[in-house]
Amino acid sequence: MFDVFTLLLVLALTHFLSTAVLAVVWRVNKSIPGIREWAIGRFVGAVGFAVLGLRVWIDPPAIIVFGNVLVAVSVYIVLIGHRRFAGRSAYPHWPFAWTFLVYLGVFIYFSFVTTNFPIRTMASSALYVVYALLSAHALWPKDTRSDGVSRMLVACLFVFHAAFNTLRFGLSFTDPASSQILETSALSIATLIEGIAVSLVSAMGYVTMTTERLQIGLKQQAQVDPLTGAYNRRAFYAQSEKVLSRRVKKQGALSLILLDIDHFKSINDGHGHAVGDRVLRQLVDCVRGLLRGSDIFSRFGGEEFVILLPTTNLQEAMTIAERIRLAVEKTRFDLGDTEGCVTISLGVSSIGKTQASDAINGLIDEADKALYRAKHSGRNVVAPYAAVNP
């Protein structure tokens with residue numbers, strides 16, 4: 001038969017060990033938010049469970065109150081870590097402060113004034129249910145492709161934790177004798193074993209989430225131009241091949257825009273390369289806001305950018321290109337000591353529904369010819385490939 005005190009000691013030790021692991025992970029990956037709060041929360045929880053274990057030798061109400069308060073504080077700190085890791089805004093502290101005061105009042109009254117194990121157990125169970133559900137909500141990924149599968153698995157773990165404490169709440173109400181955590185009962189044993197399991201699995205989940213976050217970051221770095229944040233050339237070709245394969249199946253239209261900043265060399269020569277870099281970044285921000293989620297936007301080299309437009313015919317692509325040209329023309333660019341206008345020239349090529357699918361390089365070559373025509377037509381112009389070869 002399990003010994004309750006031993007299980008409580010194991011629970012405290014698992015929290016201390018996971019604190020050490022998370023502290024090392026945080027030290028190596030300080031740029032990832034949330035890990036510090038996980039480590040601090042686990043440490044506070046470990047102290048709380050260790051304090052509760054002192055009831056084997058000392059049984060004053062203060063030990064009960066202090067230990068449970070530390071555990072309550074620990075789960076809130078961990079919840080803050082979940083929100084930060086997921087990139088969600090922080091909760092206002094006042095609802096949790098009021099909840100904490102009520103929780104503290106319940107434990108003080110039912111420990112110092114009168115002893116009532118079921119009420120204390122129901123209070124702690126209810127608190128854990130709320131925190132577990134909030135943690136599951138914070139960690140649940142919006143998109144597993146970009147956020148990672150491990151976040152969803154850890155979120156499911158907290159849903160299970162909430163379900164278990166809901167059951168514990170109900171059993172404490174119907175069976176008061178089973179609520180005494182240091183009394184050997186099926187509920188107390190199950191509570192401690194579940195706590196140990198959640199502690200171990202969630203700690204491993206945190207490490208996996210961190211590793212997955214790093215892997216996603218490295219993958220993004222390999223695909224993204226470090227200056228502008230647009231796709232780089234390598235990523236563009238990888239993404240465009242996927243678009244082409246889908247187009248072959250659906251026989252839809254496909255268009256491409258090649259754009260180039262007019263007189264960009266004069267910007268670099270007259271204002272410096274730092275200003276030229278700012279112009280590139282500002283241009284990308286301007287153009288990206290006009291594109292759809294399915295469009296592929298890439299820096300192709302220097303001041304030249306390419307946009308692949310799935311399910312878009314030539315006329316629609318010309319409309320999009322003209323919208324981009326006008327938006328850039330109206331934008332006031334940061335030129336260091338002053339603000340000024342920057343213009344772009346754009347070449348557009350397209351594959352219709354009935355045309356055979358060409359390689360992406362074929363579309364780029366056609367758009368480049370159209371761009372050449374736009375440059376020689378006075379710049380700040382949109383030119384279609386059809387106008388070059390009617």
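Below, each value reflects all heavy atoms present in this structure, side chains not excepted, and no hydrogens, waters or symmetry copies.
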Query raised in the report: Would you say the side-chain atoms of R299 pair up with the backbone N or O of G229, donor to acceptor, closer than 3.5 Å?
Result: no

Query raised in the report: Is there side-chain contact between R120 and T115, with heavy atoms separated by less than 4.5 Å?
Result: yes

Query raised in the report: Do I35 and V28 share a hydrophobic cluster, counting only Ile, Leu, Val, Met, Phe, Trp and Tyr and linking them when any side-chain heavy atoms are less than 4.5 Å apart?
Result: no

Query raised in the report: Should T331 and F333 count as side-chain neighbours, where that means a heavy-atom distance under 4.5 Å?
Result: yes

Requested in this report: Can you measure from CZ (R36) to CD1 (I77) and round to the nearest 0.5 angstrom?
Outcome: 11.0 Å

Query raised in the report: If you look at every heavy atom in A321 and I257, which pair is closest and at what distance?
Result: CB-CD1, 3.8 Å

Query raised in the report: Linking I/L/V/M/F/W/Y whenever any side-chain heavy atoms sit under 4.5 Å apart, do L70 and I80 land together?
Result: yes

Query raised in the report: Is the backbone of P33 close enough, under 3.5 Å, to the side chain of R84 for a donor and an acceptor to pair up by distance?
Result: no

Requested in this report: Measure from NZ or CZ of R42 to the centre of the six-membered ring of F16, then state whether that distance is under 6.0 Å and the direction lies within 45° of the axis.
Outcome: no

Query raised in the report: Between the side chains of D262 and T343, does any donor sit under 3.5 Å from an acceptor?
Result: yes

Table please: side-chain donor-acceptor pairs of residues 92-108 below 3.5 Å, with sequence neighbours left out.
| from | atom 1 | to | atom 2 | distance (Å) |
| --- | --- | --- | --- | --- |
| H93 | ND1 | Y76 | OH | 2.6 |
| T99 | OG1 | P95 | O | 2.8 |

Query raised in the report: If you count the non-hydrogen atoms of other residues, nucleotides and ligands that lie under 6.0 Å from NE2 in H137, is the total more than 12?
Result: no

**Report entry** Donor + acceptor pair across side chains of T208, S150 (<3.5 Å)
**Finding:** no

**Report entry** Side-chain H-bond candidate by donor/acceptor type, H82 with Y206, under 3.5 Å
**Finding:** yes

**Report entry** Taking every non-hydrogen atom, the tightest pair across L308 and S240
**Finding:** CD2-CB, 3.6 Å

Query raised in the report: If we ignore angles and hydrogens, is there a donor and acceptor under 3.5 Å between the side chains of R292 and T312?
Result: yes

Report task. Please report the closest heavy-atom contact between V381 and S377, naming both atoms and the distance. Result -> CG2-O, 4.2 Å

Query raised in the report: For atom CZ of R27, is the number of surrounding heavy atoms from other residues, nucleotides or ligands below 6.0 Å larger than 12?
Result: no

Report task. Please report the C-alpha distance between D334 and Q282 in whole Å, then the side-chain angles of each, then the deciding distance to 0.1 Å, and finally whether the side chain to side chain donor-acceptor pair (under 3.5 Å) criterion is met. Result -> CA-CA 8 Å; D334 180 7; Q282 196 170 350; over 6 Å; no

Query raised in the report: Any side-chain heavy-atom pair from L280 and F305 closer than 4.5 angstrom?
Result: yes

Requested in this report: Test side chain to side chain contact (heavy atoms under 4.5 Å, CB included) on I364 and F300 and set out the steps.
Outcome: CA-CA 10 Å; I364 293 173; F300 217 57; 3.5 Å; yes

Query raised in the report: Do side-chain atoms of S18 reach the backbone of H15 as a donor and acceptor pair under 3.5 angstrom?
Result: yes

Requested in this report: Side-chain contact test, heavy atoms from C-beta onward, threshold under 4.5 Å: evaluate it for F297 versus Y231 and give yes or no.
Outcome: no

Query raised in the report: Heavy atoms, side chains only, cut-off 4.5 Å: are L291 and I324 in contact?
Result: yes

**Report entry** pair E322-L326: side-chain heavy atoms closer than 4.5 Å
**Finding:** yes

Report task. Applying side chain to side chain contact (heavy atoms under 4.5 Å, CB included), run through T311 and L254 and close with a yes or a no. Result -> CA-CA 5 Å; T311 63; L254 179 66; over 6 Å; no

Query - Inter-residue atom distance L259.CG - I344.CD1, 0.5 Å rounding - result: 5.0 Å

**Report entry** Considering all heavy atoms, the nearest A86-R151 contact
**Finding:** CB-NH2, 3.6 Å

Requested in this report: Assess whether atom CZ of F264 is packed by more than 12 heavy atoms of other residues, nucleotides or ligands within 6.0 Å.
Outcome: yes

Query raised in the report: Between atom OG of S345 and atom NE2 of H376, what is the distance when rounded to the nearest 0.5 Å?
Result: 10.0 Å

Query raised in the report: Is a side-chain donor or acceptor of N29 paired with a backbone partner of S31 at a separation under 3.5 angstrom?
Result: no

Query raised in the report: Would you find a donor on one side and an acceptor on the other, under 3.5 Å apart, between the side chain of D365 and the backbone of N361?
Result: no

Query raised in the report: Among the clusters formed by ILVMFWY side chains lying less than 4.5 Å apart, do L13 and V21 turn up in the same one?
Result: no

Query raised in the report: Where the side chain of E316 meets the backbone of N313, is there a donor-acceptor pair that is under 3.5 Å apart?
Result: yes

Report task. Find the distance between OH (Y131) and CG (L133) and round it off to the nearest 0.5 Å. Result -> 13.0 Å

**Report entry** Non-hydrogen atoms of A155 and A136 that approach each other most closely
**Finding:** O-CB, 3.5 Å

Query raised in the report: With a 4.0 Å cut-off, would you call K369 and E366 a salt bridge?
Result: no

Query raised in the report: When you measure from the side chain of T19 to the backbone N and O of F43, does any donor-acceptor pair fall under 3.5 Å?
Result: yes

Report task. Before accepting this row, confirm whether a basic side-chain N of the pair D225/R233 lies closer than 4.0 Å to the acidic partner's carboxylate O. Result -> no

Query raised in the report: Is there side-chain contact between V129 and F169, with heavy atoms separated by less than 4.5 Å?
Result: no

**Report entry** Check against side chain to side chain contact (heavy atoms under 4.5 Å, CB included), I261 and V342
**Finding:** CA-CA 7 Å; I261 301 176; V342 172; 3.6 Å; yes

Query raised in the report: Checking side chain to side chain contact (heavy atoms under 4.5 Å, CB included) for the pair Y385/L363: CA distance, chi angles, key distance, verdict?
Result: CA-CA 9 Å; Y385 176 69; L363 275 174; over 6 Å; no

Report task. Could you tell me whether a side-chain N or O of T228 sits under 3.5 Å from a main-chain N or O of A230, the two making a donor and an acceptor? Result -> yes

Report task. Report yes if the side chains of P61 and F112 come closer than 4.5 Å at any heavy-atom pair, otherwise no. Result -> yes

Report task. Verify the distance criterion only: is there a donor paired with an acceptor across the side chains of N116 and Y109 at less than 3.5 Å? Result -> no

Requested in this report: Kindly assign one of parallel, tilted or perpendicular to the pair F158 and H161, based on the angle between their ring planes and the thresholds 30° and 60°.
Outcome: perpendicular

Query raised in the report: Side chains of N232 and Q223: is there a donor and an acceptor less than 3.5 Å apart?
Result: no

Report task. Examine distances only and state if a side-chain atom of R83 and a backbone atom of A138 form a donor-acceptor pair shorter than 3.5 Å. Result -> no

Query - Side-chain (S199) to main-chain (I196) donor-acceptor, under 3.5 angstrom - result: no

Report task. From the options L139, L153, L214, V149, select the one residue that forms a side-chain contact (heavy atoms from CB on, under 4.5 Å) with M209. Result -> L139

Requested in this report: Show your reasoning for whether side chain to side chain donor-acceptor pair (under 3.5 Å) applies to R168 and S125.
Outcome: CA-CA 7 Å; R168 181 178 178 233; S125 298; 3.1 Å; yes

Report task. May I ask you to decide whether D285 forms a salt bridge with R281, counting only side-chain N to carboxylate O separations under 4.0 Å? Result -> no

